[in-house]
Novice: 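Sharing a structure, written as structure tokens. Questions coming.
Read the numbers this way: they start at 1 and go in the same order the structure lists the ligands and their atoms. We count residues from 1, following the sequence as given. Because only heavy atoms are used, hydrogens play no part in the values below, and waters and symmetry mates are left out as well, while side chains stay in.
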Amino acid sequence: MTASSALISGVQRAYDAAAGNYDRWPWQSLWRRREFPIVLNTLSKAFERPSILDLGCGTGAFAATWMGRISRFVGIDASCRMVEMARRRKMELCRFVEGDMLGKPIDPEPFDAVVSLRAASHCQDVSRLVSRARSSLNPGGLFILSDVAAEHRYEETRLPIKCGKISVPTFKHAPEQMARLLQHDHGFRLERILELRADGSKDTSTARCRSIDSSGRIPFGRIFVARAV
Ligand SMILES: C[S@@+](CC[C@H](N)C(=O)[O-])C[C@H]1O[C@@H](n2cnc3c(N)ncnc32)[C@H](O)[C@@H]1O
């Protein structure tokens, strides 16, 4: 087994085990509360009814926020249980596929936008994710990637399962590395980097979220918005 196939099977196993609890996980709700409005706002300013590819789509929560405003949505995820949860939402114009988001594009048609929300933290070689996004975009298309901030005080993702937790391999990427990959290595123009920081006790009150710097000085996440040029 190669290092990258061992990594993906670790990710698969952990998310398969956690899928039933995933949408109730406080860390997840925190991210969605803070991140989804930014992503939605950015996309709706740029497009009326975009086609969207979601790399590491999980349970399809992001697609659910876009219902009625998309022309086509494809979500890819390594975990068959996460994909099953996404399909259960029965959303029109959406297709959810089990597979490696770092593999070859599965769709012949390019997309207006590619999003990858909190999946980069499971990629050791994040350049492959950026490359996959670039090759799936129309010229002028948008890539929106969110990631755990490298400075954020945690080293591994521990997902909730029925009786306890399961660890998933986690990798951090410095913002300078992401900016270089996007702009110099893969032909994007980096339009914005947004930082997510604690915003009052609502963000840090649950045990799962106490790793966040409550003073708001240290970001816990970043969102990169880049355009294919
Ligand atoms: C933290 S979850 C985020 C899920 C979703 N984007 C959301 O907003 O809820 C990360 C997801 O990325 C998926 N993932 C990680 N590495 C992957 C890979 N190489 N190929 C496909 N999916 C992957 C995991 O299975 C998991 O569902």
Side-chain angles (χ1 to χ4, degrees), residues 2-40 43 52-66 73-89 91 94 96-107 113-133 136 143-149 152 154 156-161 165-173 196 208-209 220-224:
T2 64
S4 80
S5 60
L7 174 59
I8 195 164
S9 63
V11 167
Q12 235 165 1
R13 213 176 21 252
Y15 279 96
D16 279 351
N21 299 301
Y22 185 78
D23 285 332
R24 292 191 299 268
W25 186 26
W27 172 248
Q28 200 49 236
S29 334
L30 159 76
W31 269 89
R32 288 177 182 171
R33 191 170 70 243
R34 300 291 305 282
E35 162 199 64
F36 278 10
I38 295 173
V39 181
L40 290 170
L43 286 173
I52 301 178
L53 172 67
D54 186 348
L55 299 174
C57 62
T59 60
F62 181 70
T65 64
W66 264 83
F73 192 104
V74 176
I76 301 179
D77 202 281
S79 156
C80 65
R81 292 272 294 116
M82 295 292 268
V83 167
E84 200 181 296
M85 306 281 290
R87 287 180 184 147
R88 268 195 222 158
R89 295 179 192 265
M91 294 181 284
C94 293
F96 295 99
V97 182
E98 183 192 338
D100 184 359
M101 65 182 180
L102 307 177
K104 289 209 167 35
I106 46 158
D107 230 89
V114 175
V115 299
S116 186
L117 308 178
R118 282 156 288 120
S121 59
H122 302 311
C123 297
Q124 188 163 28
D125 182 2
V126 76
S127 175
R128 290 178 63 198
L129 177 62
V130 179
S131 163
R132 171 71 191 270
S136 304
F143 179 33
I144 306 181
L145 176 141
S146 73
D147 199 10
V148 177
H152 172 58
Y154 94 22
E156 62 172 0
T157 309
R158 285 163 56 78
L159 300 171
I161 54 174
K165 310 231 181 67
I166 187 164
S167 294
V168 203
T170 304
F171 304 92
K172 289 181 170 181
H173 313 105
L196 303 179
R208 295 291 172 283
C209 301
F220 64 88
R222 284 197 175 81
I223 301 177
F224 299 82

Novice: Is there a side-chain contact (heavy atoms from CB on, under 4.5 Å) between Ser116 and Leu129 once you walk through the steps?
Specialist: CA-CA 9 Å; Ser116 186; Leu129 177 62; 3.8 Å; yes
Novice: If we only consider heavy atoms of Trp31, is any one of them less than 4.0 Å away from an atom in ligand 1?
Specialist: no
Novice: Using the side chain to side chain contact (heavy atoms under 4.5 Å, CB included) definition, which of the options Val11, Ile8, Asp16 pairs with Ser79?
Specialist: Asp16
Novice: Starting from atom 2 (S) of ligand 1, what is the nearest protein heavy atom, named by residue and atom, and what distance separates them?
Specialist: Tyr22 OH, 3.0 Å
Novice: Taking only residues two or more places apart in sequence or in another chain, which ones pass salt bridge (Lys or Arg N to Asp or Glu O under 4.0 Å) with Asp107?
Specialist: Arg72, Arg95
Novice: Can you list the ligand 1 atoms lying under 4.0 Å from a non-hydrogen atom of Ala119?
Specialist: 12 (O)
Novice: Need the ligand 1 atom indices (1-based, order shown) with element for anything under 4.0 Å from a heavy-atom of Arg32.
Specialist: 9 (O)
Novice: Under 6.0 Å from the CD atom of Gln124, do we count more than 12 heavy atoms belonging to anything else shown?
Specialist: no
Novice: Heavy-atom contact under 4.0 Å between Gln12 and ligand 1?
Specialist: no
Novice: Mind running side-chain contact (heavy atoms from CB on, under 4.5 Å) on His122 and Thr157 for me, showing each step along the way?
Specialist: CA-CA 9 Å; His122 302 311; Thr157 309; 3.8 Å; yes
Novice: With heavy-atom distances below 4.0 Å as the criterion, list the atoms of ligand 1 near Val11.
Specialist: 14 (N), 15 (C), 16 (N), 24 (C), 25 (O)
Novice: List ligand 1 atoms under 4.0 Å from Gly99, heavy atoms only on the residue side.
Specialist: 20 (N), 21 (C)
Novice: Would Asp54 count as a polar contact of ligand 1, with the cut-off being nitrogen or oxygen pairs under 3.5 Å?
Specialist: no
Novice: So, His173 versus Phe224, ring centres under 6.0 angstrom or not?
Specialist: no
Novice: Is the distance between the ring centroids of Trp31 and His152 under 6.0 Å?
Specialist: no
Novice: At a 4.0 Å threshold, what atoms of ligand 1 neighbour a non-hydrogen atom of Gln28?
Specialist: 9 (O)
Novice: Which of these, Glu98, Arg132, Arg118, has its nearest heavy atom closest to atom 8 (O) of ligand 1?
Specialist: Arg118
Novice: Which part of Cys57 is near ligand 1, with near meaning a heavy atom under 4.0 Å away: side chain, backbone, both or neither?
Specialist: backbone
Novice: With only distance considered, is Gly56 within less than 3.5 Å of ligand 1 through an N or O on each side?
Specialist: yes
Novice: For atom 11 (C) of ligand 1, which of the options Asp77, Val168, Thr59 provides the nearest non-hydrogen atom?
Specialist: Asp77
Novice: Looking at Met101, which atoms of ligand 1 are within less than 4.0 Å of one of its heavy atoms?
Specialist: 16 (N), 17 (C), 18 (C), 19 (N), 20 (N), 21 (C)
Novice: Could you find the nearest protein heavy atom to atom 19 (N) of ligand 1 and give me its residue, atom name and distance?
Specialist: Asp100 OD1, 3.0 Å
Novice: In terms of relative ring orientation, are Phe62 and Phe36 parallel, tilted or perpendicular, with 30° and 60° separating the classes?
Specialist: perpendicular
Novice: Would you check the N or O atoms of Leu117, main chain and side chain alike, for any that come under 3.5 Å of an N or O of ligand 1?
Specialist: yes
Novice: Quick one: nearest non-hydrogen protein atom to atom 22 (N) of ligand 1, plus distance?
Specialist: Ala78 N, 3.0 Å
Novice: Glu35 to ligand 1: N or O pair under 3.5 Å?
Specialist: no
Novice: Check if Ala61 has a non-hydrogen atom at a distance under 4.0 Å from any atom of ligand 1.
Specialist: no
Novice: Can Arg89 and Asp23 be counted as an ion pair, charged N to O under 4.0 angstrom?
Specialist: yes
Novice: Check this for me - ligand 1, Ile8, N or O atoms closer than 3.5 angstrom, yes or no?
Specialist: no
Novice: Which value, rounded to the nearest 0.5 Å, describes the distance between Leu102 atom CG and Ser127 atom OG?
Specialist: 10.0 Å
Novice: Does His122, backbone or side chain, put an N or O under 3.5 Å from an N or O of ligand 1?
Specialist: no
Novice: Salt bridge or not between Arg81 and Glu84? Use side-chain N to carboxylate O under 4.0 Å.
Specialist: yes
Novice: So do Tyr15 and Val168 actually touch side chain to side chain, heavy atoms under 4.5 Å?
Specialist: yes
Novice: Any nitrogen or oxygen of Tyr15, side chain or backbone, less than 3.5 Å from one on ligand 1?
Specialist: no
Novice: Under a 3.5 Å distance rule, please check whether Asp54 uses its side chain to pair with a backbone N or O of Gly60 as donor and acceptor.
Specialist: no
